[in-house]
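Only heavy atoms go into these numbers, but all of them, side chains included; no hydrogens, no water, no symmetry mates. Atoms within a ligand are numbered from 1 in the order they appear, just like the ligands themselves. Just so you know, residue 1 is the first one in the sequence shown, and it goes up from there.
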Amino acid sequence: MAHQWRGVLREYADRLDISDATPIITLGEGGTPLIPAPALSARTGANVWVKYEGMNPTGSFKDRGMTMAVSKAVEHGAKAVICASTGNTSAAAAAYASHAGIKAAVLVPEGKIAMGKLAQAIAHNAELLQIRGNFDDCLEIARDLAAHYPVHLVNSVNNDRIEGQKTAAFEVVEVLGDAPDIHIVPIGNAGNYTAYSRGYGESLARGDSTKHPRMFGFQAEGSAPIVHGKIVRNPETIASAIRIGNPASWALALTARELTNGYFGAISDTHILEAYRILSAEVGIFVEPASAISVAGLLERAAAGQIPKGSTVVLTVTGHGLKDPQWALKTADGSTITPTVVENNTDEVAGVLGLAKVSV
Ligand code: F0G
């Protein structure tokens, strides 16, 4: 019988704080493909791999942390979970809570989350409230609610989330046979940056790898508090998933950067969208704009001469392109692409495609 991947809690039970008393709330998350990216290797001279986290059950890396956070919440008797979100966390919280048979309440910034993610939270029966504020405002309310009302917080300030997410680093080490030289992730709250760093640290301590990769993290230029060293009151970027001005795991990320000789950089929306297009058109991987910042970061660092030739680089692309597909239909000047309409006739279609008939 074919072996089915059992989700990160079962696959990595020995490296997570779970016991027989922990109900395993899983949708089969993790075990995502690590895909070689020849087009990016050719552009940079490095050996580039893409960890495609859009292949998780709700289409983002958040599922790794949510299986852990909701399982532990249920173990502790929670009947409801709450989170603030730019969209993906709310989709994951809603899905895992519905699977567990408990309630999820999610707070999102009004009008600022992608349609696919909004639809997911509602499809999975969450109580979704749009707050007249940004993500940082939502998180403050969520923390307040969790402190004073019977709801369990499942944002990444909850360490169970980081613990679940560290499993992605274990998978990379297993596939490559060692840690990469450099690992690049997008940064919003900096939870995932922290989680990979922890996962690689544990792999090294176990003797599964011989080194800790340098951790590179990228924020969008209009939303880059860690890069600039100060809170951004009104963060702006088309990469709505990482539109965050006061990251919850800021301090942890600074420690992780120290530990790994890492790097934080900022990328313009224009470069994010260029990288988004390169990844979909040249590598065949469709992601949401926030995820493409890993690619943009790689290209920016390579142009700066900071990616050694022949080094192994892993890019995490965090969320699926189908969550926020509108950007694929935009041209560089911002107009929307409308596919050509053709008469129901082979010769007409061949003409439009520029095909010349072959004689037989
Ligand atoms: N990429 C995507 C697609 C995300 O949704 C997020 C965060 C990140 C990257 C950044 O990860 O916060 O761990 O640094 N999304 C959160 C959410 C904030 O609510 O879905 P991080």
Side-chain angles (χ1 to χ4, degrees), residues 51-56 58-66 69 82-95 104 106-109 112-114 116-118 120-121 126 128 131 134-139 142 153-159 161-166 168 184-199 215-220 223-227 235 237-250 252-253 256-257 264 267 272 276 286-297 315-324 327:
K51 182 71 170 156
Y52 193 13
E53 289 289 279
M55 294 301 282
N56 278 295
T58 77
S60 90
F61 73 101
K62 303 288 182 180
D63 295 341
R64 295 178 183 275
M66 207 52 77
I82 186 149
C83 67
S85 183
T86 56
N88 282 321
T89 299
S90 55
V106 305
L107 310 179
V108 302
K112 293 290 187 184
I113 80 167
K117 304 173 189 179
L118 190 79
Q120 285 181 288
L128 180 138
I131 304 296
N134 60 33
F135 168 83
D136 305 293
D137 303 318
C138 294
L139 183 57
L153 188 67
V154 293
N155 279 107
S156 60
V157 291
N158 175 341
N159 186 55
R161 284 274 315 282
I162 309 277
E163 282 290 298
Q165 285 173 208
K166 76 183 180 186
I184 306 183
V185 294
I187 292 193
N189 271 312
N192 211 29
Y193 184 92
T194 305
Y196 271 99
S197 185
R198 186 183 296 177
M215 291 294 309
F216 287 13
F218 290 89
Q219 299 189 298
S223 180
I226 299 182
V227 178
T237 169
I238 57 102
S240 59
I242 53 171
R243 187 171 164 274
I244 293 174
N246 188 12
S249 295
W250 192 329
L252 290 173
R257 179 183 60 176
F264 295 130
I267 302 285
I272 291 174
Y276 170 82
F286 193 32
V287 300
E288 60 174 292
S291 307
I293 204 170
S294 293
V295 179
L315 314 179
T316 292
V317 292
T318 42
H320 205 287
L322 293 174
K323 284 172 172 275
D324 192 11
W327 302 100

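Checking only distances, Thr89 does come within under 3.5 Å of ligand 1, N or O to N or O. Of the polar atoms of Asn88, at least one N or O is found under 3.5 Å from an N or O of ligand 1, judged by distance alone. Close N/O approach between Asn192 and ligand 1 is found [any backbone or side-chain N/O within under 3.5 Å]. For a threshold of 3.5 Å applied to N or O pairs, the pair formed by Gly319 and ligand 1 contains no separation below that value. Looking at Ser90 next to ligand 1, no N or O pair under 3.5 Å apart turns up.
No donor-acceptor contact under 3.5 angstrom links the side chains of Asn189 and Arg161, judged on distance only. Residues Glu53 and Asn192 bring no donor and acceptor atom of their side chains to less than 3.5 Å of each other. No hydrogens or angles considered: nothing links the side chains of Thr318 and Ser60 as a donor-acceptor pair under 3.5 Å.
Across all their heavy atoms, Thr237 and Ser223 have their closest contact at CG2-CB, 4.1 Å. Between Ala114 and Ser240, the closest heavy-atom pair is N-OG, 4.3 Å. Contact detail for Ser90 and Ala121: the closest heavy-atom pair is O-CB, 4.3 Å.
Of the options Arg243, Lys323, Lys62, the smallest heavy-atom separation from atom 15 (N) of ligand 1 is shown by Lys62. Distances from atom 12 (O) of ligand 1 to the heavy atoms of Asn189, Asp324, Asn155, Thr316 show the closest one on Asn189.
The backbone N or O of Gln165 sits nowhere less than 3.5 Å from a side-chain atom of Tyr196 that would complete a donor-acceptor pair. The closest donor-acceptor contact from the side chain of Glu288 to the backbone of Ala241 lies at 3.5 Å or more, if one exists at all. For the pair Ser294 (side chain) and Thr316 (backbone), a donor-acceptor distance under 3.5 Å is present. Put simply, the side chain of Asn56 never gets that close to the backbone of Asp63: no donor and acceptor are under 3.5 Å apart.
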### Message
Let's go through Asn134 and Lys112 carefully: what are the C-alpha distance in whole Å and the side-chain angles of both, what is the deciding distance for side-chain contact (heavy atoms from CB on, under 4.5 Å) to 0.1 Å, and is it a yes or a no?
### Response
CA-CA 8 Å; Asn134 60 33; Lys112 293 290 187 184; over 6 Å; no
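Here Phe61 has side-chain heavy atoms under 4.0 Å from ligand 1, and that is the only part of it that gets that close. The proximity of Val185 to ligand 1, defined as any non-hydrogen pair under 4.0 Å, does not occur for either the backbone or the side chain. Counting heavy atoms closer than 4.0 Å to ligand 1, residue Ala190 contributes backbone atoms (N, CA, C, O) but none from C-beta onward. The proximity of Gln165 to ligand 1, defined as any non-hydrogen pair under 4.0 Å, does not occur for either the backbone or the side chain.
The aromatic rings of Phe264 and Tyr193 sit tilted, their planes meeting at an angle between 30° and 60°.
Applying the 4.0 Å criterion to heavy atoms of Gly191 picks out, from ligand 1, the atoms 13 (O), 14 (O), 21 (P). Of all the atoms in ligand 1, the ones that sit under 4.0 Å from a non-hydrogen atom of Ile187 are 14 (O). In the vicinity of Ile242, heavy-atom distances shorter than 4.0 Å reach the ligand 1 atoms 8 (C), 9 (C), 10 (C). Heavy-atom proximity to Thr318, at under 4.0 Å, picks out these atoms of ligand 1: 1 (N), 2 (C), 3 (C), 9 (C). Of all atoms in ligand 1, listed by their number and element, those nearer than 4.0 Å to a heavy atom of Ser85 are 17 (C), 19 (O), 20 (O). Contact atoms of ligand 1 toward Ile244: 18 (C) (distance under 4.0 Å to a heavy atom of the residue).
Scanning the protein for heavy atoms near atom 10 (C) of ligand 1, the closest one is Gly188 N, 3.4 Å. Atom 4 (C) of ligand 1 has Ala241 CB, 3.5 Å as its closest protein atom, hydrogens excluded (heavy atom only). Of the protein's non-hydrogen atoms, the one nearest atom 18 (C) of ligand 1 is Thr86 OG1, 3.4 Å.
In this structure, Ile293 has no heavy atom closer than 4.0 Å to ligand 1.
Rounding to the nearest 0.5 Å places CD1 of Ile272 at 5.5 Å from CD1 of Ile242.
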